[in-house]
**Student:** 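Here it is: the structure, laid out below.
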Amino acid sequence: MLEKQRATIDRIDRELVKLFEERTKTVEEVAEIKLENNMEILDSGREAVVIEKVQSYLEDDSLKGELADLYENIMRISRGHQQEWMSKRNS
Ligand SMILES: O=C(O)C(=O)C[C@]1(C(=O)O)C=C[C@@H](O)C=C1
């Protein structure tokens, strides 16, 4: 009954995981630069810009709230990852 839709979701998830890993590796480069330059991990201005930017890519504006929610979580995880990465780097 749901096979076709779940196969599509599985394909999308595979792509998302690949992109998530690529984003996270890039965030590690950001962490390295921030550590070297004594910069704060949190950049609220940049986070607001990221959310506005991704919302502008939507074809369906009714998803704006959910997309903001998704990105707030992605960037919260990103900050946590940077923190972890910096702690390991310094130990
Ligand atoms: O662009 C940065 O300065 C980052 O650290 C990356 C990132 C993100 O994941 O997009 C994470 C934390 C910051 O608060 C802003 C954005």
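Counting convention: from 1, in listed order, for ligands and their atoms alike.
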**Student:** Counting C-beta onward and ignoring hydrogens, is there a side-chain heavy-atom pair between R46 and M75 closer than 4.5 Å?
**Tutor:**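 They are not in side-chain contact.
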**Student:** Counting each atom of ligand 1 from 1 as listed, which ones have a heavy atom of I41 under 4.0 Å away?
**Tutor:**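 The atoms of ligand 1 under 4.0 Å from a heavy atom of I41 are 5 (O), 12 (C), 13 (C), 14 (O).
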**Student:** Using a 4.0 Å cut-off to any heavy atom of R79, which atoms of ligand 1 qualify?
**Tutor:**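 The atoms of ligand 1 under 4.0 Å from a heavy atom of R79 are 12 (C).
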**Student:** Give the atoms of ligand 1, by number and element, whose distance to some non-hydrogen atom of L42 is under 4.0 Å.
**Tutor:**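 Those atoms are 14 (O).
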**Student:** Just wondering, are more than 12 heavy atoms of other shown residues or ligands nearer than 6.0 Å to CD in E36?
**Tutor:**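 For E36, atom CD is crowded (more than 12 foreign heavy atoms under 6.0 Å).
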**Student:** Flag the pair L42 / E47 as yes when at least one side-chain heavy-atom distance between them is below 4.5 Å, and no otherwise.
**Tutor:**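 Yes. Closest side-chain heavy atoms under 4.5 Å.
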**Student:** Would you indicate whether the side-chain heavy atoms of N73 and R76 approach each other to under 4.5 Å?
**Tutor:**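 The answer is yes, as the side chains (C-beta and beyond) meet within the 4.5 Å cut-off.
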**Student:** With a sphere of 6.0 Å drawn around CD of E32, does it hold more than 12 non-hydrogen atoms of other residues, nucleotides or ligands?
**Tutor:**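 Result for CD/E32: enclosed.
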**Student:** Any N/O of D43 closer than 3.5 Å to an N/O of ligand 1?
**Tutor:**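 Min N/O separation from ligand 1 is below 3.5 Å for D43.
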**Student:** If hydrogens are left out, which of M39, M75, Q82, R46 has an atom nearest to atom 1 (O) of ligand 1, that is, the closest non-hydrogen atom?
**Tutor:**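 Going through M39, M75, Q82, R46 one by one, R46 has the nearest heavy atom to atom 1 (O) of ligand 1.
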**Student:** Give the intermediate values and the outcome of side chain to side chain contact (heavy atoms under 4.5 Å, CB included) for residues K25 and E22.
**Tutor:** CA-CA 5 Å; K25 294 293 163 206; E22 188 182 351; 5.9 Å; no
**Student:** If hydrogens are left out, which of E47, E40, R23 has an atom nearest to atom 13 (C) of ligand 1, that is, the closest non-hydrogen atom?
**Tutor:**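 Considering heavy atoms of E47, E40, R23, the nearest to atom 13 (C) of ligand 1 sits in E47.
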**Student:** At what distance is the nearest protein heavy atom to atom 3 (O) of ligand 1, and which residue and atom is it?
**Tutor:**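 Closest protein heavy atom to atom 3 (O) of ligand 1: K34 NZ, 2.7 Å.
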**Student:** To which protein heavy atom is atom 11 (C) of ligand 1 closest, and what is the distance rounded to 0.1 Å?
**Tutor:**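 Here the closest protein heavy atom is S78 OG, 3.4 Å.
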